[in-house]
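What follows is a set of notes on a single structure, which appears directly below.
In what follows, chains are A, B, ... by sequence order, proteins preceding strands, each numbered from 1.
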Amino acid sequence: MPELPEVETVRNTLKRKVLNKTITRVDILYDKIIKTDLATFKNNLVNQTIIDIERKGKYLLFKLNDYYLISHLRMEGKYSLKKATDAIEKHTHVIFHFADDTELRYLDVRKFGTMHLKPIEKVYMGEPLEKLGLEPFDEGFTVAYLKSKFTGNRPIKNVLLDQEIIAGLGNIYVNEILFLAKLHPEKPVNQLTEQNLMDIIEASKVTLEKAIKLGGTTIRSYTSDDNVTGRFQNELLVHGKVNEPCPVCQTPIIKIKVSGRGTYLCPHCQKL
DNA sequence: GTTGACACCTGGACGC
DNA sequence: TGCGTCCAGGTGTCAA
(Lines give C-alpha, C1' and ligand atoms only; values in the text may rest on other atoms or scores of the structure.)
Protein backbone atom coordinates (compact mmCIF):
# COMPACT_ATOMS: atom_id res chain seq x y z
CA MET A 1 0.00 0.00 0.00
CA PRO A 2 1.36 3.40 -0.82
CA GLU A 3 2.86 5.11 2.20
CA LEU A 4 5.06 8.22 2.21
CA PRO A 5 8.06 6.66 0.37
CA GLU A 6 5.84 5.06 -2.27
CA VAL A 7 3.97 8.31 -2.90
CA GLU A 8 7.32 10.11 -3.16
CA THR A 9 8.41 7.54 -5.75
CA VAL A 10 5.18 8.03 -7.70
CA ARG A 11 5.67 11.80 -7.53
CA ASN A 12 9.19 11.62 -8.93
CA THR A 13 8.12 9.19 -11.66
CA LEU A 14 5.15 11.30 -12.71
CA LYS A 15 7.15 14.51 -12.72
CA ARG A 16 9.34 13.06 -15.44
CA LYS A 17 6.29 12.06 -17.49
CA VAL A 18 3.48 14.61 -17.23
CA LEU A 19 4.93 17.99 -16.28
CA ASN A 20 3.79 20.80 -18.61
CA LYS A 21 1.05 18.67 -20.17
CA THR A 22 -2.32 20.40 -20.64
CA ILE A 23 -5.59 18.64 -19.82
CA THR A 24 -8.20 18.78 -22.59
CA ARG A 25 -10.84 16.46 -21.11
CA VAL A 26 -11.49 14.28 -18.10
CA ASP A 27 -13.40 10.99 -18.15
CA ILE A 28 -14.67 9.62 -14.86
CA LEU A 29 -15.53 5.93 -15.03
CA TYR A 30 -16.14 5.45 -11.30
CA ASP A 31 -17.75 8.42 -9.56
CA LYS A 32 -16.93 7.59 -5.94
CA ILE A 33 -13.23 8.35 -6.46
CA ILE A 34 -14.08 12.04 -6.93
CA LYS A 35 -14.84 13.92 -3.71
CA THR A 36 -15.54 17.25 -5.42
CA ASP A 37 -18.76 17.92 -7.36
CA LEU A 38 -18.34 15.86 -10.55
CA ALA A 39 -19.29 18.53 -13.08
CA THR A 40 -17.11 21.10 -11.32
CA PHE A 41 -14.22 18.63 -11.23
CA LYS A 42 -14.43 17.87 -14.96
CA ASN A 43 -15.07 21.43 -16.13
CA ASN A 44 -12.43 23.14 -13.99
CA LEU A 45 -9.67 20.78 -15.10
CA VAL A 46 -10.07 21.58 -18.80
CA ASN A 47 -7.20 23.75 -20.13
CA GLN A 48 -5.26 23.38 -16.86
CA THR A 49 -1.54 22.60 -17.22
CA ILE A 50 0.39 20.47 -14.74
CA ILE A 51 2.98 22.91 -13.39
CA ASP A 52 4.39 20.80 -10.57
CA ILE A 53 3.69 17.70 -8.52
CA GLU A 54 4.06 17.96 -4.76
CA ARG A 55 3.40 15.63 -1.83
CA LYS A 56 1.97 16.07 1.64
CA GLY A 57 1.95 12.93 3.75
CA LYS A 58 0.43 10.24 1.56
CA TYR A 59 -1.32 12.77 -0.67
CA LEU A 60 -0.11 13.56 -4.18
CA LEU A 61 -0.69 17.23 -5.13
CA PHE A 62 -0.86 18.08 -8.84
CA LYS A 63 -0.26 21.82 -9.04
CA LEU A 64 -2.20 23.29 -11.98
CA ASN A 65 -2.61 26.89 -13.18
CA ASP A 66 -5.51 27.64 -10.87
CA TYR A 67 -6.12 24.49 -8.84
CA TYR A 68 -4.55 21.68 -6.90
CA LEU A 69 -5.67 18.16 -7.80
CA ILE A 70 -5.22 16.27 -4.53
CA SER A 71 -4.96 12.52 -5.01
CA HIS A 72 -4.78 9.78 -2.37
CA LEU A 73 -3.86 6.33 -3.67
CA ARG A 74 -5.16 4.52 -0.56
CA MET A 75 -4.48 0.80 -0.94
CA GLU A 76 -3.76 0.12 -4.58
CA GLY A 77 -4.17 3.30 -6.60
CA LYS A 78 -1.67 3.93 -9.37
CA TYR A 79 -1.13 6.21 -12.35
CA SER A 80 -0.19 5.17 -15.84
CA LEU A 81 0.68 7.36 -18.83
CA LYS A 82 -0.71 5.89 -22.05
CA LYS A 83 -1.30 6.86 -25.65
CA ALA A 84 -4.90 7.77 -26.48
CA THR A 85 -5.04 4.75 -28.78
CA ASP A 86 -4.02 2.24 -26.07
CA ALA A 87 -6.71 -0.12 -24.80
CA ILE A 88 -8.36 0.83 -21.50
CA GLU A 89 -7.15 -1.55 -18.82
CA LYS A 90 -9.39 -3.14 -16.23
CA HIS A 91 -9.75 -1.07 -13.05
CA THR A 92 -9.21 2.25 -14.87
CA HIS A 93 -11.44 4.79 -13.08
CA VAL A 94 -10.32 8.27 -14.18
CA ILE A 95 -8.69 9.38 -17.44
CA PHE A 96 -7.02 12.77 -17.93
CA HIS A 97 -6.72 13.45 -21.66
CA PHE A 98 -3.80 15.66 -22.69
CA ALA A 99 -3.39 17.95 -25.71
CA ASP A 100 -0.58 15.77 -27.10
CA ASP A 101 -2.82 12.69 -27.47
CA THR A 102 -1.49 11.01 -24.36
CA GLU A 103 -3.56 10.17 -21.28
CA LEU A 104 -2.85 9.92 -17.58
CA ARG A 105 -4.99 7.07 -16.27
CA TYR A 106 -5.82 6.35 -12.66
CA LEU A 107 -6.22 2.65 -11.87
CA ASP A 108 -7.36 1.27 -8.54
CA VAL A 109 -8.36 -2.35 -8.01
CA ARG A 110 -10.11 -1.73 -4.70
CA LYS A 111 -11.58 1.67 -5.65
CA PHE A 112 -10.47 3.17 -2.32
CA GLY A 113 -8.53 6.12 -3.79
CA THR A 114 -9.81 9.70 -3.58
CA MET A 115 -9.41 12.92 -5.59
CA HIS A 116 -10.21 16.46 -4.51
CA LEU A 117 -9.96 19.60 -6.63
CA LYS A 118 -9.29 22.84 -4.73
CA PRO A 119 -8.36 26.39 -5.72
CA ILE A 120 -4.65 26.98 -5.14
CA GLU A 121 -5.20 29.53 -2.38
CA LYS A 122 -7.46 27.13 -0.47
CA VAL A 123 -5.45 23.94 -0.82
CA TYR A 124 -4.76 23.59 2.91
CA MET A 125 -8.21 24.77 3.99
CA GLY A 126 -10.65 22.05 5.01
CA GLU A 127 -10.55 18.46 3.79
CA PRO A 128 -8.35 16.64 3.14
CA LEU A 129 -5.12 18.42 4.09
CA GLU A 130 -6.06 20.79 6.92
CA LYS A 131 -5.71 18.36 9.80
CA LEU A 132 -2.58 16.52 8.65
CA GLY A 133 0.17 16.34 11.26
CA LEU A 134 3.90 16.84 10.73
CA GLU A 135 6.01 14.54 8.60
CA PRO A 136 9.08 12.89 10.16
CA PHE A 137 11.28 15.11 7.97
CA ASP A 138 9.70 18.35 9.19
CA GLU A 139 11.81 20.62 11.41
CA GLY A 140 9.13 20.65 14.09
CA PHE A 141 9.11 16.85 14.40
CA THR A 142 10.81 16.86 17.80
CA VAL A 143 10.51 15.21 21.21
CA ALA A 144 8.51 18.25 22.35
CA TYR A 145 6.07 17.79 19.45
CA LEU A 146 5.58 14.11 20.19
CA LYS A 147 5.16 14.83 23.91
CA SER A 148 2.39 17.30 23.10
CA LYS A 149 0.61 14.76 20.89
CA PHE A 150 1.22 11.51 22.78
CA THR A 151 -1.53 11.92 25.37
CA GLY A 152 -3.87 9.31 26.81
CA ASN A 153 -3.17 5.60 26.92
CA ARG A 154 -3.63 4.70 23.27
CA PRO A 155 -1.22 2.05 21.93
CA ILE A 156 1.85 3.59 20.30
CA LYS A 157 1.06 1.80 17.03
CA ASN A 158 -2.37 3.44 16.74
CA VAL A 159 -0.87 6.84 17.42
CA LEU A 160 1.89 6.45 14.83
CA LEU A 161 -0.77 5.54 12.27
CA ASP A 162 -2.83 8.63 13.14
CA GLN A 163 -2.31 11.01 10.20
CA GLU A 164 -3.37 13.98 12.32
CA ILE A 165 -0.29 13.36 14.48
CA ILE A 166 2.27 12.05 11.98
CA ALA A 167 1.56 12.32 8.26
CA GLY A 168 2.83 9.64 5.94
CA LEU A 169 3.28 6.51 8.03
CA GLY A 170 1.31 3.34 7.28
CA ASN A 171 1.23 -0.18 8.63
CA ILE A 172 4.45 -1.48 7.03
CA TYR A 173 6.71 1.36 8.14
CA VAL A 174 5.17 1.60 11.61
CA ASN A 175 5.99 -2.08 12.14
CA GLU A 176 9.57 -1.41 11.05
CA ILE A 177 9.94 1.78 13.10
CA LEU A 178 8.69 0.14 16.30
CA PHE A 179 11.12 -2.72 15.80
CA LEU A 180 14.05 -0.33 15.36
CA ALA A 181 12.91 1.66 18.41
CA LYS A 182 12.54 -1.61 20.40
CA LEU A 183 8.98 -0.74 21.40
CA HIS A 184 6.02 -3.09 21.72
CA PRO A 185 3.20 -1.86 19.42
CA GLU A 186 0.66 -2.04 22.26
CA LYS A 187 2.70 0.05 24.71
CA PRO A 188 0.56 3.03 25.85
CA VAL A 189 2.00 6.34 24.68
CA ASN A 190 1.79 7.88 28.15
CA GLN A 191 4.35 5.30 29.36
CA LEU A 192 7.02 6.29 26.82
CA THR A 193 10.25 7.90 28.03
CA GLU A 194 12.08 10.78 26.34
CA GLN A 195 14.59 8.22 25.09
CA ASN A 196 11.71 6.25 23.53
CA LEU A 197 10.56 9.38 21.72
CA MET A 198 14.07 10.09 20.46
CA ASP A 199 14.29 6.50 19.24
CA ILE A 200 10.97 6.85 17.39
CA ILE A 201 12.14 10.04 15.69
CA GLU A 202 15.45 8.49 14.69
CA ALA A 203 13.86 5.24 13.49
CA SER A 204 11.23 7.12 11.48
CA LYS A 205 13.82 9.18 9.63
CA VAL A 206 16.18 6.27 9.00
CA THR A 207 13.40 3.99 7.76
CA LEU A 208 11.73 6.52 5.47
CA GLU A 209 14.99 7.89 4.04
CA LYS A 210 16.13 4.39 3.17
CA ALA A 211 12.75 3.47 1.70
CA ILE A 212 12.65 6.60 -0.48
CA LYS A 213 16.20 5.93 -1.66
CA LEU A 214 15.18 2.40 -2.68
CA GLY A 215 11.97 3.49 -4.41
CA GLY A 216 9.56 2.35 -1.71
CA THR A 217 8.17 -1.08 -1.03
CA THR A 218 6.63 -3.24 -3.74
CA ILE A 219 4.33 -5.89 -2.35
CA ARG A 220 1.69 -8.08 -3.95
CA SER A 221 -0.95 -5.40 -4.04
CA TYR A 222 1.06 -2.36 -4.99
CA THR A 223 3.58 -1.02 -7.50
CA SER A 224 4.17 2.68 -8.03
CA ASP A 225 3.94 2.45 -11.79
CA ASP A 226 3.70 -0.18 -14.51
CA ASN A 227 7.45 -0.40 -14.82
CA VAL A 228 8.67 0.88 -11.48
CA THR A 229 9.47 -1.59 -8.73
CA GLY A 230 10.57 -0.55 -5.25
CA ARG A 231 13.36 -2.44 -3.51
CA PHE A 232 12.70 -1.66 0.15
CA GLN A 233 10.79 -4.92 0.58
CA ASN A 234 14.22 -6.59 0.50
CA GLU A 235 15.22 -4.49 3.52
CA LEU A 236 12.18 -5.18 5.70
CA LEU A 237 13.20 -6.39 9.16
CA VAL A 238 9.93 -7.71 10.60
CA HIS A 239 6.96 -6.87 8.36
CA GLY A 240 5.70 -10.08 6.77
CA LYS A 241 8.49 -12.10 8.41
CA VAL A 242 6.38 -14.26 10.71
CA ASN A 243 8.37 -17.25 12.05
CA GLU A 244 11.58 -15.93 10.52
CA PRO A 245 14.45 -15.16 12.94
CA CYS A 246 14.73 -11.66 14.37
CA PRO A 247 17.73 -9.96 12.68
CA VAL A 248 19.00 -8.94 16.13
CA CYS A 249 18.39 -11.88 18.51
CA GLN A 250 17.20 -14.72 16.22
CA THR A 251 13.91 -15.11 18.16
CA PRO A 252 11.13 -16.01 15.69
CA ILE A 253 9.08 -13.00 14.59
CA ILE A 254 5.43 -13.22 15.64
CA LYS A 255 2.29 -11.68 14.22
CA ILE A 256 -0.47 -10.18 16.37
CA LYS A 257 -3.45 -7.93 15.73
CA VAL A 258 -3.40 -4.39 17.07
CA SER A 259 -6.73 -2.65 16.48
CA GLY A 260 -7.38 -5.09 13.68
CA ARG A 261 -4.10 -4.41 11.89
CA GLY A 262 -1.59 -7.13 11.13
CA THR A 263 1.37 -6.36 13.37
CA TYR A 264 4.79 -8.04 13.25
CA LEU A 265 7.25 -7.90 16.12
CA CYS A 266 10.08 -9.65 17.90
CA PRO A 267 8.72 -10.78 21.29
CA HIS A 268 12.24 -10.62 22.78
CA CYS A 269 13.37 -7.21 21.50
CA GLN A 270 9.96 -5.55 21.82
CA LYS A 271 8.66 -6.33 25.28
CA LEU A 272 5.43 -4.77 26.55
C1' DG B 1 -13.80 14.51 23.36
C1' DT B 2 -11.90 9.95 22.82
C1' DT B 3 -11.74 5.44 21.25
C1' DG B 4 -12.83 1.27 18.84
C1' DA B 5 -15.58 -1.20 15.40
C1' DC B 6 -17.04 -1.34 10.99
C1' DA B 7 -17.73 -0.33 5.97
C1' DC B 8 -15.81 0.48 1.73
C1' DC B 9 -13.66 -2.77 -2.11
C1' DT B 10 -11.42 -6.70 -4.90
C1' DG B 11 -8.27 -10.37 -5.78
C1' DG B 12 -5.21 -13.81 -4.05
C1' DA B 13 -4.45 -17.65 -0.96
C1' DC B 14 -6.14 -21.51 1.06
C1' DG B 15 -9.03 -25.42 2.41
C1' DC B 16 -12.34 -28.66 1.11
C1' DT C 1 -11.59 -27.61 -11.06
C1' DG C 2 -14.74 -24.93 -8.56
C1' DC C 3 -16.58 -22.92 -4.65
C1' DG C 4 -16.63 -20.54 -0.16
C1' DT C 5 -14.11 -18.07 3.28
C1' DC C 6 -10.56 -15.27 5.04
C1' DC C 7 -7.25 -11.69 4.67
C1' DA C 8 -4.92 -7.47 3.18
C1' DG C 9 -5.43 -2.25 5.01
C1' DG C 10 -6.13 3.72 4.86
C1' DT C 11 -9.56 6.42 6.15
C1' DG C 12 -14.33 8.15 7.08
C1' DT C 13 -18.31 7.37 9.83
C1' DC C 14 -20.78 6.08 13.68
C1' DA C 15 -21.73 4.30 18.20
C1' DA C 16 -20.31 3.63 22.93
Side-chain angles (χ1 to χ4, degrees), chain A residues 1-11 28-36 55-61 70-79 88-94 105-116 126-133 135-136 148-178 185-191 204 208 211 216-224 226 230 232-233 236 238-243 253-265:
Chain A
M1 64 303 305
E3 301 181 29
L4 189 155
E6 289 74 34
V7 179
E8 185 65 16
T9 302
V10 173
R11 183 177 84 90
I28 300 168
L29 310 180
Y30 183 73
D31 294 357
K32 286 187 178 178
I33 302 280
I34 312 301
K35 301 303 178 185
T36 302
R55 181 191 56 72
K56 177 71 178 173
K58 300 175 192 174
Y59 288 91
L60 208 51
L61 280 65
I70 306 166
S71 171
H72 196 306
L73 305 174
R74 292 285 181 98
M75 306 301 298
E76 299 186 31
K78 67 176 84 170
Y79 284 97
I88 306 293
E89 296 171 273
K90 196 178 178 184
H91 307 306
T92 301
H93 304 311
V94 184
R105 299 176 183 172
Y106 177 75
L107 297 86
D108 190 342
V109 171
R110 295 193 207 177
K111 301 178 176 176
F112 279 5
T114 61
M115 291 184 194
H116 294 75
E127 292 294 322
L129 304 181
E130 186 175 39
K131 291 182 178 176
L132 280 185
E135 293 185 10
S148 71
K149 297 291 184 182
F150 284 11
T151 55
N153 59 355
R154 295 167 71 193
I156 177 62
K157 176 161 189 188
N158 291 14
V159 174
L160 292 182
L161 286 170
D162 187 339
Q163 301 300 300
E164 293 184 17
I165 295 175
I166 304 174
L169 298 184
N171 197 42
I172 294 176
Y173 294 111
V174 167
N175 283 337
E176 296 296 301
I177 289 164
L178 288 173
E186 292 177 312
K187 193 174 180 78
V189 286
N190 57 7
Q191 292 180 15
S204 301
L208 294 182
T217 306
T218 300
I219 60 173
R220 178 185 63 79
S221 65
Y222 171 77
T223 56
S224 65
D226 292 343
F232 190 71
Q233 70 274 11
L236 292 172
V238 291
H239 186 87
K241 304 283 187 182
V242 67
N243 289 330
I253 301 297
I254 63 168
K255 182 184 181 186
I256 62 172
K257 288 263 187 184
V258 178
S259 298
R261 302 287 168 86
T263 302
Y264 300 86
L265 69 139

Sorted by chain and number, sequence neighbours left out, ring pair (Phe, Tyr, Trp, His ring centres under 6.0 Å) with A/Phe112 holds for none
Taken to the nearest whole Å, CD/A/Glu127 to P/C/dT13 is 7 Å
With the side chain defined as heavy atoms from C-beta on, A/Tyr30 is closest, among C/dT11, B/dC9, B/dG4, to B/dC9
note: A/Asn153, atom CG; B/dT3, atom P; distance rounded to Å ~ 7 Å
Atom CG of A/Leu161 and atom C1' of B/dA5 are separated, to the nearest Å, by 16 Å
### Message
Check this for me: does any side-chain nitrogen of one of A/Lys149 and A/Asp162 sit under 4.0 Å from a carboxylate oxygen of the other?
### Response
no
A/Met115 CE to C/dG10 P, in whole Å, measures 19 Å
With the side chain defined as heavy atoms from C-beta on, A/Asn171 is closest, among C/dG10, B/dT10, B/dT3, to C/dG10
Per atom distances to the A/His91 side chain, the nearest of C/dT11, B/dG11, B/dC9 is B/dG11
Check: Hey, does A/Asp108 reach any base, or is it just sugar-phosphate, or nothing, if we go heavy atoms under 4.0 Å?
Finding: nothing
Side-chain contact check for A/Val109: nearest option of C/dG9, B/dG11, B/dG4 is B/dG11
*Side-chain N or O of A/Lys58 less than 4.0 angstrom from OP1 or OP2 on C/dG10?*
no
Item to check | Test side chain to side chain donor-acceptor pair (under 3.5 Å) applied to A/Ser259 and A/Lys157, step by step | outcome: CA-CA 9 Å; A/Ser259 298; A/Lys157 176 161 189 188; over 6 Å; no
When A/Pro128 and A/Thr263 are each assigned the nearest nucleotide of DNA chain C, the 5'-most assignment goes to A/Thr263
With sugar-phosphate meaning primed atoms plus P, OP1 and OP2, does A/Lys257 contact a base, only sugar-phosphate, or nothing at under 4.0 Å between heavy atoms? sugar-phosphate
Residues at least two apart in sequence or cross-chain that pass ring pair (Phe, Tyr, Trp, His ring centres under 6.0 Å) with A/His116, listed by chain then number, are none
For A/Lys131, which contact category applies under a 4.0 Å heavy-atom criterion: base, sugar-phosphate, or nothing?
-> nothing
Exercise for review: Check whether any side-chain nitrogen or oxygen of A/Arg74 sits under 4.0 Å from OP1 or OP2 of B/dC8, and answer yes or no.
Suggested key: no
- Could you please spell out the steps behind the side chain to side chain donor-acceptor pair (under 3.5 Å) verdict for A/Gln163 and A/Tyr59? CA-CA 11 Å; A/Gln163 301 300 300; A/Tyr59 288 91; over 6 Å; no
- OP1 or OP2 of B/dC9 sitting under 4.0 Å from any side-chain N/O of A/Lys32? yes
Sorted by chain and number, sequence neighbours left out, ring pair (Phe, Tyr, Trp, His ring centres under 6.0 Å) with A/His91 holds for none
Residues passing the ring pair (Phe, Tyr, Trp, His ring centres under 6.0 Å) test with A/Tyr106, sequence neighbours excluded, are A/Tyr79
| field | Centroid distance under 5.5 Å and plane angle under 30°, A/Phe112 vs C/dT11 | value | no
Sequence neighbours excluded, the answer for side chain to side chain donor-acceptor pair (under 3.5 Å) partners of A/Glu135 is A/Arg55
| query | Does the side chain of A/Asn158 get closer than 4.0 angstrom to OP1 or OP2 of B/dG4 through an N or O atom? | reply | yes
Result for 5'-nearest mapping on DNA chain B, choosing between A/Lys111 and A/Pro155, is A/Pro155
Quick note, A/Arg110 side chain, CB onward, closest among C/dG12, C/dG9, C/dG10 is C/dG9
**Message:** Does a side-chain N or O of A/Arg261 approach OP1 or OP2 of C/dG9 to a distance below 4.0 Å, or not?
**Reply:** no
As a check of understanding: the bend across the helix from B/dT2-C/dA16 to B/dC16-C/dG2, end axes from five pairs, rounded to 10 degrees, works out to 50°
Closest of C/dG12, C/dT11, B/dC9 to the A/Gln163 side chain is C/dT11
